[in-house]
Amino acid sequence: MKKIIVLVLLVFVGLSVQAQVKKNKNAKYVTEVNGNCEQCQKRIQKAAFSVEGVKSAVWNIETHQLSVILNEEKCTLLDVKKAIAKVGHDTDEVRAKDEVYESLHHCCLYDRK
């Protein structure tokens, strides 16, 4: 009976060790962020860098694409999107609060979907 219990425990421990997924320290993502100008670009990139674990953040004005490199052990892409929404810019998953969006400079007000 002891051998069966030990065997079951070993199998359980072995499976739980395999289930752990190693997180990427240099995960690369591209996501859509709404904005219009260089002021938006600075604000978006500053918000992205405010998240611990973000190593690189570059927002393209023409394509509205944010390229991010982050350490998945410290943050997620969703954390970055939430930080950007807090400063007034909508992402593909997180929408900025209306009062924050409306407080942006008039040239930064983009068409909201």
Side-chain angles (χ1 to χ4, degrees):
M1 186 68 172
K2 285 184 182 180
K3 290 181 181 179
I4 293 173
I5 293 173
V6 171
L7 182 63
V8 169
L9 286 174
L10 286 175
V11 169
F12 178 72
V13 170
L15 291 175
S16 64
V17 169
Q18 285 182 327
Q20 294 178 359
V21 177
K22 189 171 182 176
K23 297 192 176 192
N24 191 342
K25 292 185 178 181
N26 290 306
K28 296 177 183 178
Y29 295 98
V30 177
T31 187
E32 183 180 343
V33 179
N34 291 322
N36 291 328
C37 62
E38 289 180 14
Q39 284 183 37
C40 297
Q41 184 180 47
K42 290 177 186 174
R43 189 180 309 106
I44 291 165
Q45 292 176 177
K46 184 177 178 180
F49 278 116
S50 73
V51 178
E52 183 182 357
V54 173
K55 296 180 177 184
S56 173
V58 178
W59 184 72
N60 184 298
I61 295 172
E62 289 81 31
T63 64
H64 295 197
Q65 298 295 307
L66 176 69
S67 300
V68 180
I69 299 174
L70 56 85
N71 181 343
E72 291 180 322
E73 293 177 352
K74 296 183 179 181
C75 67
T76 65
L77 182 59
L78 185 59
D79 295 332
V80 176
K81 291 177 181 183
K82 288 177 181 178
I84 291 168
K86 281 185 182 178
V87 298
H89 294 274
D90 296 338
T91 69
D92 56 353
E93 280 187 278
V94 184
R95 186 175 170 93
K97 291 184 178 180
D98 290 337
E99 55 270 11
V100 178
Y101 167 77
E102 291 164 3
S103 70
L104 293 175
H105 189 270
H106 68 87
C107 74
C108 298
L109 299 177
Y110 48 89
D111 291 331
R112 294 184 98 177
K113 298 174 185 175

Would Asn34 and His64 satisfy side chain to side chain contact (heavy atoms under 4.5 Å, CB included), going step by step from the backbone distance to the final call?
CA-CA 6 Å; Asn34 291 322; His64 295 197; 4.1 Å; yes
Answer yes or no: does atom CD of Glu99 have more than 12 heavy-atom neighbours from other residues, nucleotides or ligands under 6.0 Å?
yes
For Tyr110, is there any backbone N or O sitting under 3.5 Å from a side-chain donor or acceptor partner on Tyr101?
yes
Applying salt bridge (charged side-chain N to carboxylate O under 4.0 Å, His left out) to Asp98 and not counting sequence neighbours gives Arg112
According to side-chain contact (heavy atoms from CB on, under 4.5 Å), who are the partners of Cys37, at least two apart in sequence or on a separate chain?
Gln39, Cys40, Cys107, Cys108
Not counting sequence neighbours, which residues clear side chain to side chain donor-acceptor pair (under 3.5 Å) with Asn71? List them please.
none
Leu77: which other cluster members, linking ILVMFWY side chains closer than 4.5 Å, directly or transitively?
Tyr29, Val33, Ile44, Phe49, Val51, Val54, Trp59, Ile61, Leu66, Val68, Leu70, Val80, Ile84
For Leu78, the rest of its hydrophobic cluster, which grows through side-chain links under 4.5 angstrom
Val94
For the residue pair Val87 and Leu104, what are the closest heavy atoms and their distance?
O-CD2, 3.5 Å
What is the distance from atom NZ of Lys81 to atom NZ of Lys86, rounded to the nearest 0.5 Å?
16.0 Å
Under the side-chain contact (heavy atoms from CB on, under 4.5 Å) test, which residues partner Ser67, sequence neighbours left out?
Val30
Residues at least two apart in sequence or cross-chain that pass side chain to side chain donor-acceptor pair (under 3.5 Å) with Lys55, listed by chain then number, are Asn26
Please list all pairs passing the salt bridge (charged side-chain N to carboxylate O under 4.0 Å, His left out) test where one or both residues lie in residues 27-49, with sequence neighbours left out.
Glu32-Lys113
So, His89 side chain and Ala96 main chain: donor-acceptor pair closer than 3.5 Å or not?
no
If the condition is side chain to side chain donor-acceptor pair (under 3.5 Å), which residues does Thr76 pass it with, not counting sequence neighbours?
Asp79
Would you call Lys23-Glu73 a salt bridge at under 4.0 Å N-O?
no
